[in-house]
Amino acid sequence: MDTLLTDQDYKNFKQLLEYFVSYLEFLEATKGSSDKNKKVKELAKNVHYNDEDPRKRRLDDFVNKHGEEQLPRSGQGYKGGSIQDGIKDCCDYNANKICLSANNRNKVATYFSKPSYLHWFGTTLNIDIETSGKDKDKTITKLKITLNKKDIGEEKSLEELGLFDGKDPNPILKAFFDKYYSILDKYYSTLKNMLETEIKDLLKANHNIILTGAPGTGKTYLSKRIAKDIAGDESRIGFVQFHPSYDYTDFVEGLRPVKTTDEEKNGGTIVFERKDGVFKKFCKDALQAPDHKYVFIIDEINRGELSKVFGELFFSIDPGYRGEDGRVKTQYQNLVEKGDEFAEGFYVPKNVYIIGTMNDIDRSVESMDFAMRRRFAFKEITPESRVDMWYDELGKKAIKLPVGGINLVHT
């Protein structure tokens, strides 16, 4: 089976697991220290393990590597910060990054409790620990994959994984990572389907929706994919990107310069004629196929001066006034020729749906007309909800390993 995982990915994963285990053992061995300014060697100097205890070598190696650092005592790696620094060289993979979380909620609780885990960013796919022994004899014995906090029955001992043996990743560790990695395919597919279904339902109910979020979260990519699913054919999809100089004549209709070719009429000079804008043309196309859905995408919708671009269409695009009930006389209605589909006034057909995209950190958001806002449903697109976009773009041929019975609901 094909995969994008490389030998280096497996080596990084082994390094990641070794750090995770030795870091938690270090925190457990030095718990109770309230001095956050103490360095690793200072914290570990009073820790004593029997020479035969495998934790002794792991602790010694960890202290030697990090003895001059002030390691964070707890934290959530997905929020960034210093806790993620310890694995920054081995946490990034094709699909995204793996984050480290270690919690010491009340200053005295064990770090071996459930809150300490590795997790794939944007998912509830974790690697948890199993322990044995009590008090000072308590040690990590196994690592296991969990999903939505549920054990999926995939666990291996530290010895089976070959951790801390100083060798290249063994077949068991590779299979463990393959399993972990393969679940992402099903997870991201579920996550993608849930998000797209929600957006489609909102769009069908409101006819208008705006996808909002930070730049780079794939709003345009997502809107095009949803538009294709709804319309069924790219010929029934329209696209335009707003900008400050975009206006009513571009979008609805207006007077445009035309050079005549009739020498007897104005001597072939430049004259002005009424021309349909891109949205009006799109609506005419939609009228020709009322049984099909048409989707018009407005990228960067907040960067245009909306009251200027839409004009009297504020009324017509309202979900409650789609169709002929929303017919309005446009600014150039007297120039519309008889026989034109909109000779009696312009309206937005019921089979036309509008998807807008908007960067919520853009200063132009503040000037967005509230009359326009209330005519759109809004859906925030967060970075963690769009990791499937990069996963899809990689063209990954997923490893289809059985994960039967797993609840893949994103929480």
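Thr217 and Gly213 get closest at one heavy-atom pair: OG1-C, 4.3 Å. Closest approach of Ile199 and Leu211 over heavy atoms only: CD1-CD2, 3.9 Å. Shown here for Thr131 and Ile140, the closest heavy-atom pair between the two residues is CG2-CA, 4.2 Å. Closest heavy-atom contact between Gly326 and Ser316: O-OG, 2.9 Å. In terms of heavy-atom proximity, Gly254 sits nearest to Thr249 at CA-CG2, 3.7 Å. Of all heavy-atom pairs between Lys144 and Ile129, the closest is CE-O, 4.2 Å.
By the 6.0 Å and 45° rule, Lys31 does not stack over the aromatic ring of Tyr111. Lys280 forms no cation-pi arrangement with Phe342, by the criterion of a distance under 6.0 Å to the ring centre and an angle within 45° of the ring axis.
With a 6.0 Å radius and a threshold of 12 heavy atoms from other residues, nucleotides or ligands, Gln8 has its CD atom above the threshold. Counting non-hydrogen atoms of neighbouring residues, nucleotides and ligands closer than 6.0 angstrom, the OH atom of Tyr321 reaches no more than 12 such neighbours. More than 12 heavy atoms of other residues, nucleotides or ligands shown are found within 6.0 angstrom of NZ on Lys200. The environment of NZ in Lys97 is crowded: more than 12 heavy-atom neighbours from other residues, nucleotides or ligands sit within 6.0 Å. Few gaps surround CD on Gln288; more than 12 heavy atoms of other groups in view lie less than 6.0 Å from it.
Residue Phe13 is tested with Phe20, Tyr181, Phe177 for a ring pair (Phe, Tyr, Trp, His ring centres under 6.0 Å); the sole match is Phe177. Test Asn206, Asn208, Ile209 against Ile354 for side-chain contact (heavy atoms from CB on, under 4.5 Å) and you get one pass: Asn208. When each of Lys56, Arg58, Arg57 is paired with Asp60, the salt bridge (charged side-chain N to carboxylate O under 4.0 Å, His left out) condition holds for Lys56 and for no other.
To the nearest 0.5 Å, the span separating CG on Leu16 from CD on Glu18 amounts to 10.0 Å. In this structure, CZ on Phe239 lies 9.5 Å from CZ on Phe296, to the nearest 0.5 angstrom. Atoms CD1 and NZ, from Ile172 and Lys174 in turn, are 12.5 Å apart once rounded to the nearest 0.5 Å. Here the OG1 atom belonging to Thr139 is positioned 11.0 Å from the CG atom belonging to Leu24, to the nearest 0.5 angstrom.
If you check the side chains of Ser101 and Gln76, you find a donor sitting under 3.5 Å from an acceptor. Between the side chains of Arg236 and Asn351, no donor-acceptor pair of N or O atoms lies under 3.5 Å. For the residue pair Glu160/Asn170, the side-chain donor-acceptor check at 3.5 Å is not satisfied. For the residue pair Asp299/Thr357, the side-chain donor-acceptor check at 3.5 Å is satisfied. No hydrogens or angles considered: nothing links the side chains of Tyr332 and Asp276 as a donor-acceptor pair under 3.5 Å.
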For residues 80-89, dump all side-chain donor-acceptor pairs below 3.5 Å to protein atoms at least two apart in sequence or in another chain.
from  : atom 1 : to     : atom 2 : distance (Å)
Gln84 : OE1    : Leu100 : N      : 3.2
Gln84 : NE2    : Ile98  : O      : 2.9

Audit row: Lys14, Asp165, side chain to side chain contact (heavy atoms under 4.5 Å, CB included) steps and yes/no
CA-CA 10 Å; Lys14 183 177 182 180; Asp165 64 4; 2.6 Å; yes
Checking salt bridge (charged side-chain N to carboxylate O under 4.0 Å, His left out) for the pair Arg256/Glu273: CA distance, chi angles, key distance, verdict?
CA-CA 5 Å; Arg256 290 298 194 188; Glu273 291 184 5; over 6 Å; no
Steps toward side chain to side chain contact (heavy atoms under 4.5 Å, CB included) verdict (Phe346, Glu312)
CA-CA 10 Å; Phe346 179 55; Glu312 60 278 339; over 6 Å; no
Please lay out, stage by stage, how Tyr347 and Arg322 fare under the test side chain to side chain contact (heavy atoms under 4.5 Å, CB included).
CA-CA 7 Å; Tyr347 61 91; Arg322 286 297 173 89; over 6 Å; no
Would Glu155 and Lys142 satisfy salt bridge (charged side-chain N to carboxylate O under 4.0 Å, His left out), going step by step from the backbone distance to the final call?
CA-CA 7 Å; Glu155 60 184 38; Lys142 293 182 179 180; 3.4 Å; yes
With side chain to side chain contact (heavy atoms under 4.5 Å, CB included) as the criterion, how do Asn126 and Leu147 come out once you've worked through the C-alpha distance, each side chain's angles and the decisive distance to 0.1 Å?
CA-CA 6 Å; Asn126 299 339; Leu147 189 63; over 6 Å; no
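Aromatic ring centres of Tyr93 and Tyr180: separated by at least 6.0 Å. In this structure, the ring of Phe251 has its center less than 6.0 angstrom from the ring center of Phe279.
Between Lys224 and Ile237, the closest side-chain pair of non-hydrogen atoms is not below 4.5 Å. A heavy-atom distance below 4.5 Å is found between the side chains of Asp178 and Tyr10. Side-chain atoms of Val63 and Val47, non-hydrogen and from C-beta on, never get closer than 4.5 Å to each other. Contact check for Pro349 versus Phe282: no side-chain heavy atoms found under the 4.5 Å cut-off. By the 4.5 Å heavy-atom criterion applied to side chains, Arg303 and Met358 are not counted as neighbours. Between Lys156 and Leu143, every side-chain heavy-atom pair lies at or beyond the 4.5 Å cut-off. Contact of the His119 side chain with the Thr124 side chain is not registered, since no non-hydrogen atoms from C-beta on lie closer than 4.5 Å. Within the 4.5 Å cutoff, no side-chain heavy atoms of Ile297 are placed close to those of Thr220.
Within the 3.5 Å criterion, the main-chain N or O of Glu344 finds a donor-acceptor partner in the side chain of Lys329. No donor-acceptor pair under 3.5 Å is formed between the side chain of Ser116 and the backbone N or O of Phe112. With Arg375 contributing its side chain and Phe314 its backbone, the two residues share a donor-acceptor pair below 3.5 Å. A donor-acceptor pair is defined here as one N or O able to donate and one able to accept, closer than 3.5 Å; no such pair exists between the side chain of Thr30 and the backbone of Ala44. Using a distance-only test at 3.5 Å, with no hydrogens or angles considered, no donor-acceptor pair links the side chain of Asn148 to the main chain of Lys150. No side-chain donor-acceptor contact under 3.5 Å links Lys11 to the backbone of Thr6. A donor-acceptor contact shorter than 3.5 Å is absent between the side chain of Glu198 and the backbone of Leu195. No donor-acceptor distance shorter than 3.5 angstrom exists from the side chain of His207 to the backbone of Ile317, with no hydrogens or angles considered. Distance alone, capped at 3.5 Å, places no donor-acceptor pair between the Glu305 side chain and the His243 backbone.
Sorted by first and then second residue, the ring pair (Phe, Tyr, Trp, His ring centres under 6.0 Å) pairs with a member in residues 52-76 read Tyr19-Phe62, Tyr19-His66, Phe26-Phe62, Phe62-His66; sequence neighbours excluded. The ring pair (Phe, Tyr, Trp, His ring centres under 6.0 Å) pairs that include a residue from residues 151-172 number zero, where partners must be two or more places apart or lie in different chains.
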